[in-house]
Amino acid sequence: MTSSPPSGSDRQSAFDRLDPEIRRWIWEQKWEELRDVQDRAISAVLDGSSDVLIAAATAAGKTEAAFLPILTATAGRKERGFSVLYVSPLKALINDQFRRLDQLCERLGVDTVRWHGDAPQSAKDRARRNPRGVMLITPESIEAMLVRRPGEAKAMLGSMDFVVIDELHAFMRGPRGLHLASLLRRLDALGGKRARRVGLSATIGDLHKAAAWLSPHAPSSVAIVQSGSDAPELRLQIRAYVDPVDTEDPDALEVDGKSIALDHIADHIFENLRGSNNLVFGGSRRRVEAVADRLRARSERADVPNEFFPHHGSLSKELREELEARLKSSELPTTGIATTTLELGIDIGSVKSVAQIGAPRSIASLRQRLGRSGRRQGVPAVLRIYVRERTVRLDGDPLDSLRLEVVRAAAAIRLLLEKFVEPQSPEGAVATVVLHQTLSVITQVGGDRADRLYEAVCGAGPLSTFPKQDYVTLLRAMASPEAGLVEQAPDGTVMLGRNGERLTSGRDFYAIFSTDQEWRLVTAGRTLGTMPISNPVGVGGIVSFAGQRWKIVAVDDAAKVIEVARHASGKIPKFDGVANEPVHDLLSERMRDILASDDMPAYLDANAAAYLLEGRQAFRDMELDRTRVLRAGRDTHVLTWTGTEMNSVLALALASAGLECSVLDIGVTVVDASPVEVAGMLGQIAAAPPSLEDLSEFVMNLRTEKYDDYVPEGLLRRTWVAARRDESLRLRDLASLLCRDQG
DNA sequence: GACCTGCTGCGGGATG
């Protein structure tokens with residue numbers, strides 16, 4: 001989307017409308033002019049009375065775009081209480097923004113205070129005594145304030161004029177976004193005045209959904225300020241490497257006496273990225289460490305100072321901040337090797353290139369990463385994707401020869417150039433958030449009638465999709481003797497129960513997310529290890545773990561234990577399984593397009609181009625343009641070329657008919673079944689597709705969110721079903737397509 | 001074999 005540049009007189013007038021002190025500050029900053037986004041945001045904030053959504057690339061000056069007019073509008077405020085609340089998903093971002101805002105605000109005589117777990121207590125105490133100006137806060141700290149000091153919350157945040165939500169896209173999916181939406185609604189209710197909301201977002205995602213998040217009651221009234229498309233020139237390369245035939249662990253730290261693909265990738269990074277600032281995204285902590293270690297070793301061997309450093313969630317804050325500071329200062333050339341930790345807007349200055357190890361699974365994420373490169377005008381953004389393929393073995397899986405890593409990388413680039421972004425999927429965490437917010441509201445007000453609690457939590461906004469009937473069911477479960485979360489007084493008032501007291505008084509209560517829930521894999525009384533499982537698994541399902549295939553014998557949802565038995569059939573597939581981030585339908589579909597077409601993208605290096613030719617040849621040899629059911633030893637692959645969600649539903653449908661399945665990026669593998677058997681089953685599904693309600697009985701790990709253990713199972717099943725209406729409708733067509741194509 | 005995000009209140013001790 002583009003916008004015409006504003007005329008000179010408009011530009012002049014927007015600037016002139018700012019507070020005189022702010023104009024002086026702008027002159028002192030030696031800004032030559034206001035950015036387009038800032039210019040238009042000034043009008044949107046000062047002219048309108050609606051909420052405002054500012055969507056622009058990183059470093060386009062979004063923060064100033066919001067704050068210059070907001071500070072102008074609130075300059076004369078005399079009323080006690082904070083006038084502006086700035087909410088951020090990260091403490092580090094709050095610290096960055098505080099540094100940027102504080103000096104401007106000081107000029108204006110406006111107080112600013114950081115309010116998060118690591119912020120200085122003395123400043124908070126000062127703000128408590130004299131609440132005014134701008135508060136920068138995390139959702140969790142809002143929660144803590146409402147629960148611990150509701151009176152103080154009202155005095156400080158009960159009469160705000162504006163709420164600024166930074167990195168809005170980070171709140172658009174997942175329970176944390178629902179949590180924040182609920183908190184903002186509760187803040188509005190404190191003083192009976194709704195603060196105007198200003199959302200800041202990168203140019204990703206669906207703007208109308210973002211507007212609906214900001215203003216659930218009036219999404220079309222939101223003023224949308226989007227930056228003109230000044231996307232820099234993009235330089236792309238996909239580079240392919242191969243692991244030797246006997247590579248056991250392609251992410252190993254060190255392999256004696258031989259080079260694996262990761263060694264060659266490290267060589268290329270060392271030779272091409274040294275001497276400048278860059279970001280390398282590694283995908284997993286383990287791989288990040290393996291790459292960082294190789295680069296450090298290369299620096300030592302070459303007798304040059306190391307300039308490659310890891311960055312991920314398991315590293316201490318000190319180590320991470322050291323790297324961030326080094327990147328930002330630009331004094332020494334620095335390359336950060338990160339998981340997703342450097343994706344969000346922490347200020348790290350500009351980098352020369354972005355690299356990614358492994359084919360992308362999410363275009364939204366790829367775009368976000370790319371946004372970190374080429375941030376200066378006239379400088380091209382540089383993206384390198386390093387993919388690794390295996391040496392194909394004669395006794396290997398036939399899908400190996402399709403070269404799906406190279407194909408997925410090419411498909412991702414195609415979608416990137418098509419400007420595709422995954423829409424956020426329907427939210428499954430509603431019940432957990434409703435339960436959490438119910439406990440929180442009870443703690444805040446001391447207790448209330450059930451109907452008033454429902455109104456306070458679900459009366460409007462994203463939680464209003466939770467039906468009143470379900471709320472009654474949920475409250476009953478919370479009041480049960482086993483749960484003990486709430487109890488009801490004779491006059492009908494719902495109050496905290498014993499467990500409710502315990503839960504709400506703990507430090508862990510403030511966040512709606514739980515730290516990684518690991519499932520323990522047990523076989524014959526022996527623990528194999530732990531693994532996180534995010535996709536539905538059921539008894540009879542197949543998982544790979546510790547280099548083996550396992551069949552699930554039993555699932556203990558409460559204890560998070562999966563009992564497995566060794567499963568002897570076939571080889572472990574050599575491609576990514578489901579424990580990865582799910583892929584979208586279109587990515588899978590484009591993978592098939594790439595294999596079925598003939599054009600050779602210019603951005604493939606010689607190896608990648610050769611693998612793509614090989615994959616296309618295999619695609620033709622196996623006649624995959626005609627057939628979608630493929631024998632692989634004793635197993636059968638069903639190639640749907642759709643995304644993970646659809647494949648999971650198909651796998652459940654097959655499992656409900658007694659087949660053992662595992663889910664692939666591009667389809668489903670049916671274990672120990674012939675193509676004829678599978679085709680017959682698909683025919684039955686096409687003729688009489690099982691209902692999603694029936695299939696939900698086969699999903700064993702419904703409890704994925706923090707407080708799901710307290711949510712009645714039937715309610716979770718309904719939520720699961722509701723989130724998959726689309727897949728349910730497509731099941732019949734998909735099944736008939738699959739058995740029709742069966743050669 | 002994905003990844004990431006957050007945290008009160010209080011008491012004790014050191015420091016200015």
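Residue numbers start from 1 in every chain, and the chains themselves are labelled A, B, ... in the order their sequence lines are given, proteins ahead of strands.
- Within 3.5 Å, no donor on the side chain of A/R148 pairs with an acceptor on the base of B/dT8, nor the reverse.
- The shortest distance between the side-chain N/O atoms of A/R320 and the OP1/OP2 oxygens of B/dT5 is below 4.0 Å.
- Electrostatic pairing of A/D96 and A/K91 does not count as a salt bridge here, judged by no charged N lying under 4.0 Å from a carboxylate O.
- Across all strands, A/S505 comes closer than 4.0 Å to no nucleic acid atom at all (heavy-atom distances).
- Nearest-nucleotide positions on DNA chain B place A/T340 closer to the 5' end than the other of A/T340 and A/T138.
- If A/R286 and A/S141 are placed on DNA chain B by their nearest nucleotide, the residue sitting closer to the 5' end is A/R286.
- Put simply, A/T339 has a side-chain N or O that comes within less than 4.0 Å of OP1 or OP2 on B/dC4.
- Put simply, NE2 on A/H584 is 23 Å from P on B/dA2, counting in whole angstrom units.
- We find that A/K706 and A/D508 are joined by a salt bridge, their nearest charged nitrogen and carboxylate oxygen being less than 4.0 Å apart.
- Minimum atom distance to the side chain of A/S284 is reached by B/dA2, of the listed B/dT8, B/dA2, B/dG9.
- Below 30°, between 30° and 60°, or above 60°: for A/H436 and A/Y707 the angle between ring planes is below 30°, a parallel geometry.
- Regarding A/I357, its CD1 atom lies at a distance of 13 Å from the P atom of B/dG1, rounded to whole Å.
- Residue A/H116 places its side chain closer to B/dC7 than to any other of B/dT5, B/dA2, B/dC7.
- With centroids closer than 5.5 Å and planes inclined by less than 30 degrees as the test, A/F509 and the base of B/dC7 fail to qualify as a stacked pair.
- Straight-line distance from the CG atom of A/L146 to the P atom of B/dT8: 13 Å, rounded to whole Å.
- What separates CZ of A/R507 from P of B/dG6 is a distance of 13 Å, to the nearest Å.
- Residue A/D508 is classed as a base contact, given a heavy-atom separation below 4.0 Å to a base.
- One can place NE2 of A/H311 at 13 Å from C1' of B/dT5, the figure rounded to the nearest angstrom.
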Could you go step by step and tell me if A/M646 and A/S588 meet the side chain to side chain contact (heavy atoms under 4.5 Å, CB included) rule? CA-CA 11 Å; A/M646 185 69 241; A/S588 205; over 6 Å; no
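- Under 4.0 angstrom from either OP1 or OP2 of B/dG1 there lies at least one side-chain N or O belonging to A/R287.
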Ring pair (Phe, Tyr, Trp, His ring centres under 6.0 Å) between A/H179 and A/F513, worked out: CA-CA 10 Å; A/H179 184 198; A/F513 52 86; 8.8 Å; no
